[in-house]
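Everything on this sheet refers to the single structure shown next.
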Amino acid sequence: MNYPYQKRFQEFLRNQQKLAPLTVHTYDSTLTNFFNYLLANRPAFARDPRLANLTESDVRAYFNMLRTQQGITMGTYNKILSQLNRYFRYLFTHQLISSYPTLTLHGQAVNPRQRISTKWLPKLNAILQDDHVHYYTRLTLLLSKHGFTVGEFLRPGFYRVLDQLAITDPVEQEFLRQYRNFIRPRQALQNSPDLFLKQRYQPETPQLTNAGLHKYLRADQDYLGFHLAPKYLHQSYVLTQLAAHRDLSDAALMERLKLDPASLLYYQRLLLKLQ
């Protein structure tokens, strides 16, 4: 089925939000599934399928179904809610609806006791192609996957290091191409070739600070469903490398991961606890 104001919303996503066709397609799928559910399972809406008759209870019922029948993950829950929010926010701000059925719904918080997770690494390609996630967040994940710490990639001149990095994955190559298009206007504004730059002109200190980066990461954290603090991302990288290279000696691991003996022992014990 076509959901209400589909063509107008698609044009908004493409022309104003500058989302890629694949991302627009995911919005279409989410909204189509949502309205199909309402027509099949919410009698009041099915009898009179106008947006004015869509309530917060309908949205909550949909998410309850997704959790109980489809067993969606926290990350999927947050992604669907974010897409519904953008749709209803568009309708509300364009005066196409007078009520906001997702206004009081919130994303599921990340469990603070589960700060370190390696599950994002196999999903990295999908995240790199997700335009809902900010470019700074996606580049942070990509650089963390390649073993760099936040102290390294926020340092002025790191772009030279990235230029020498052998990136062979086609998705990563395409993302870096898109990233360079994204950052080029900021580089021109700040007169700096660095990769993480402030949005407003600051000629003395154009580089994004650690605290500034965290603002972007926190904005994406609930949507992605795992902790985005760079120190935890780097720990994920270290644990993944230890698990993948159990045949290497301690000396080789310390050289490969740039760890001292105490740090290596710490991560080896942590890996055993997480298994």
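Under the 4.5 Å side-chain criterion, counting only non-hydrogen atoms from C-beta, L141 is not in contact with Y136. The closest side-chain heavy-atom distance from L242 to L264 is below 4.5 Å. Residues Q207 and L154 have side chains not in contact (no heavy-atom distance under 4.5 Å, counting atoms from C-beta outward). Looking at Q173 and L176, their side chains never come closer than 4.5 Å, going by heavy atoms from C-beta outward. With a 4.5 Å cut-off on side-chain heavy atoms, L233 and F148 do not count as touching. Counting heavy atoms from C-beta on, the side chains of L51 and F35 come closer than 4.5 Å.
Defined by atom type and a distance below 3.5 Å, a donor-acceptor pair is present between the side-chain atoms of Q268 and D250. No hydrogens or angles considered: nothing links the side chains of T23 and H132 as a donor-acceptor pair under 3.5 Å. Side-chain polar atoms of Q83 and T30 form a donor-acceptor pair below 3.5 angstrom. A donor-acceptor pair shorter than 3.5 Å cannot be found between the side chains of Q187 and D194. Inspection of the K198 and T209 side chains reveals no N or O donor paired with an N or O acceptor under 3.5 Å. Side-chain contact, Y62 with N41: no donor N or O sits under 3.5 Å from an acceptor N or O. Donor-acceptor pairing under 3.5 Å is recorded for the side chains of S263 and D260.
For the atom pair N85 CG and L81 CG, the distance stands at 4.5 Å (nearest 0.5 Å). The distance from the CG atom of L124 to the CD atom of Q129 is 10.0 Å, given to the nearest 0.5 Å. Here the straight-line distance linking atom CG of L91 with atom CD1 of I97 works out to 4.5 Å at 0.5 Å rounding. Rounding to the nearest 0.5 Å gives a distance of 12.0 Å between CD of E174 and CG of N125. How far CD1 of I183 is from CZ of R186: 5.5 Å, rounded to the nearest 0.5 Å. Note that the CG atom of N33 and the CD1 atom of I80 stand 8.0 Å from one another [nearest 0.5 Å].
No more than 12 heavy atoms of other residues, nucleotides or ligands lie within 6.0 Å of CD in E255, so this atom counts as exposed by the packing criterion. Atom NE2 of H25 is surrounded by 12 or fewer heavy atoms from other residues, nucleotides or ligands within 6.0 Å. Around CG of D48, the count of heavy atoms belonging to other residues, nucleotides or ligands within 6.0 Å exceeds 12. In Q95, the CD atom is not crowded: 12 or fewer heavy atoms of neighbouring residues, nucleotides or ligands sit closer than 6.0 Å.
When atom types are taken as modelled, the side chain of D220 and the backbone of H134 share a donor-acceptor pair closer than 3.5 angstrom. Remark: the backbone N or O of V133 is not paired with any side-chain donor or acceptor of T137 at under 3.5 angstrom. The backbone N or O of L13 sits nowhere less than 3.5 Å from a side-chain atom of Y90 that would complete a donor-acceptor pair. No donor-acceptor pair closer than 3.5 Å links the side chain of E172 to the backbone N or O of T168. With hydrogens and angles ignored, the 3.5 Å screen pairs no side-chain donor or acceptor of D130 with any backbone N or O of A126. Not one N or O on the side chain of Q10 forms a donor-acceptor pair closer than 3.5 Å with the backbone of V24. One N or O on the side chain of Q221 and one on the backbone of L228 form a donor-acceptor pair closer than 3.5 Å. A donor-acceptor pair is defined here as one N or O able to donate and one able to accept, closer than 3.5 Å; such a pair exists between the side chain of D58 and the backbone of T55. Looking at N53, its side chain never comes within 3.5 Å of a backbone N or O of P49 through a donor-acceptor pair.
For F92 and Y100, the ring centers sit closer than 6.0 Å to each other. Checked against the 6.0 Å centroid threshold, F12 and Y27 do not count as a close aromatic pair.
In this structure, F88 and F34 have perpendicular ring planes: the angle between them is above 60°, well past the 30° mark. Between Y77 and F63, the ring-plane angle classifies as tilted under the 30° and 60° cut-offs. Between Y232 and H227, the angle of the ring planes goes over 60°, which puts this pair in the perpendicular group of the 30/60° scheme.
A single hydrophobic cluster is seen to contain both F196 and L165, as judged by linkage of ILVMFWY side chains at heavy-atom distances under 4.5 Å, directly or through other members. Follow the hydrophobic side-chain contacts under 4.5 Å out from L189 and you never reach Y216; the two are in separate clusters. Put simply, L253 and L265 are part of two different groups of oily side chains (I, L, V, M, F, W, Y) that touch within less than 4.5 Å, one to the next. Put simply, Y266 and M254 are part of the same group of oily side chains (I, L, V, M, F, W, Y) that touch within less than 4.5 Å, one to the next. Side-chain heavy atoms closer than 4.5 Å link hydrophobic residues (I, L, V, M, F, W, Y) into clusters, and following such links, even through other members, never connects Y201 to F182.
Figure legend: R138 and Y135 shown as a cation-pi pair, the cationic atom lying under 6.0 angstrom from the six-membered ring centre and within 45 degrees of its axis.
We find that E11 and K7 are not joined by a salt bridge, their nearest charged nitrogen and carboxylate oxygen being 4.0 Å or further apart. For the pair D131 and R86, the salt-bridge criterion is not met [side-chain N within less than 4.0 Å of a carboxylate O].
Between R42 and A61, the shortest heavy-atom contact is NH1-CB, 3.5 Å. Residue L239 comes nearest to Y267 through the heavy atom pair CD2-O, 3.6 Å, listed as atom of the first residue, atom of the second, then distance. Taking each heavy atom of S144 and F153 in turn, the nearest pair found is OG-CE2, 4.4 Å. When all heavy atoms of P230 and L213 are compared, the pair lying nearest together is CG-CD2, 4.5 Å. Scanning both residues, Y3 and T32, for their nearest heavy atoms gives CD2-OG1, 3.9 Å. Closest non-hydrogen pair, R155 versus G151, comes out as NH2-O, 3.4 Å.
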> For F9 and Y87, what are the C-alpha separation, side-chain angles and deciding distance, and is it a ring-ring contact (aromatic ring centres under 6.0 Å, His included)?
Replying inline: CA-CA 7 Å; F9 185 57; Y87 172 69; 5.2 Å; yes
>> I'd like to know whether V150 forms a side chain to side chain contact (heavy atoms under 4.5 Å, CB included) with L143, so could you lay out the CA-CA distance, the side-chain angles of the two residues, the decisive distance to 0.1 Å, and finally the verdict.
In response: CA-CA 9 Å; V150 66; L143 296 175; over 6 Å; no
>> Go through it in stages, so that I can follow the logic: the residues are L54 and V59, the test is side chain to side chain contact (heavy atoms under 4.5 Å, CB included), and I'd like the CA-CA distance, side-chain angles, deciding distance and then a yes or no.
In response: CA-CA 8 Å; L54 197 159; V59 182; 3.9 Å; yes
>> Run the side chain to side chain contact (heavy atoms under 4.5 Å, CB included) test on Y237 and K145 for me, step by step, so that the C-alpha distance in whole Å, both residues' side-chain angles and the decisive distance to 0.1 Å come before the verdict.
In response: CA-CA 6 Å; Y237 161 77; K145 180 237 181 177; 5.9 Å; no
>> Working note: K258 + E152, criterion salt bridge (Lys or Arg N to Asp or Glu O under 4.0 Å); need CA distance, chi angles, decisive distance, verdict.
In response: CA-CA 13 Å; K258 295 178 284 189; E152 291 172 326; 3.0 Å; yes
> Yes or no on side chain to side chain contact (heavy atoms under 4.5 Å, CB included) for L31 and Q6, after CA distance, side-chain angles and deciding distance?
Replying inline: CA-CA 9 Å; L31 290 164; Q6 181 175 10; over 6 Å; no
